[in-house]
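As the structure is a prediction and not an experimental result, all values here were calculated from the model.
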Amino acid sequence: NFPKIEMIGGDSVEQPEFAGEFHVFANPTLLAFFDGKEYLRKSKFVAIPVLKAELSRLYEMMFS
């Protein structure tokens with residue numbers, strides 16, 4: 001749904017430096033960056049329709 005977004009996965013247990021750098025204290029945590037700035041952070045229970053709506057809004061602002 002978002003072809004211009006690159007998805008990168010990380011495991012905070014296997015890569016604790018990743019968790020420290022991005023201040024991730026719960027799993028799962030989803031971070032969305034646009035132009036190098038964090039615009040969205042969701043942790044634990046993430047409602048997919050809500051996440052999709054928020055990403056759609058940001059996507060439209062950045063790429064329209």
Side-chain angles (χ1 to χ4, degrees):
N1 292 332
F2 308 104
K4 295 180 182 178
I5 294 178
E6 178 182 3
M7 185 172 149
I8 300 172
D11 186 323
S12 63
V13 174
E14 293 180 8
Q15 301 166 314
E17 67 280 357
F18 173 83
E21 181 176 346
F22 295 105
H23 306 286
V24 173
F25 303 109
N27 287 319
T29 296
L30 303 169
L31 305 174
F33 290 86
F34 290 91
D35 289 332
K37 297 177 187 171
E38 182 180 325
Y39 279 87
L40 182 68
R41 178 180 289 253
K42 296 285 185 184
S43 292
K44 297 266 183 177
F45 302 103
V46 178
I48 299 301
V50 173
L51 176 65
K52 186 176 179 181
E54 290 178 353
L55 280 176
S56 292
R57 186 177 71 78
L58 288 168
Y59 192 87
E60 289 297 319
M61 287 184 348
M62 296 304 248
F63 300 114
S64 288

Measure the CZ-CE distance between Phe2 and Met7 for me, rounded to the nearest 0.5 Å.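 So the CZ of Phe2 and the CE of Met7 are separated by 12.5 Å.
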Distance from Asn1 atom CG to Leu55 atom CG, nearest 0.5 Å?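 Separation between the atoms: 9.5 Å.
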Would you name the heavy atoms of Ala26 and Lys44 that are closest together and state the gap between them? CB-CE, 3.7 Å
Quick check: closest heavy atoms across Arg41 and His23, and the distance to 0.1 Å? NH1-O, 3.1 Å
When you measure from the side chain of Glu21 to the backbone N and O of Glu17, does any donor-acceptor pair fall under 3.5 Å? no
Please examine the side chains of [Y] and [X], heavy atoms only from C-beta on, and report whether any two atoms are closer than 4.5 Å.
X: Ile5; Y: Phe34; result: yes
X: Glu54; Y: Lys42; result: yes
X: Asn27; Y: Ser12; result: yes

Residue list, ring-ring contact (aromatic ring centres under 6.0 Å, His included) with Phe63, at least two apart or on another chain: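 Tyr59.
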If two hydrophobic side chains count as joined below 4.5 Å and joins carry through other members, does Phe18 share a cluster with Phe33? yes
Hydrophobic cluster membership, with links at side-chain heavy-atom distances under 4.5 Å among I/L/V/M/F/W/Y: are Val24 and Leu51 in one?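 Hydrophobic grouping puts Val24 apart from Leu51.
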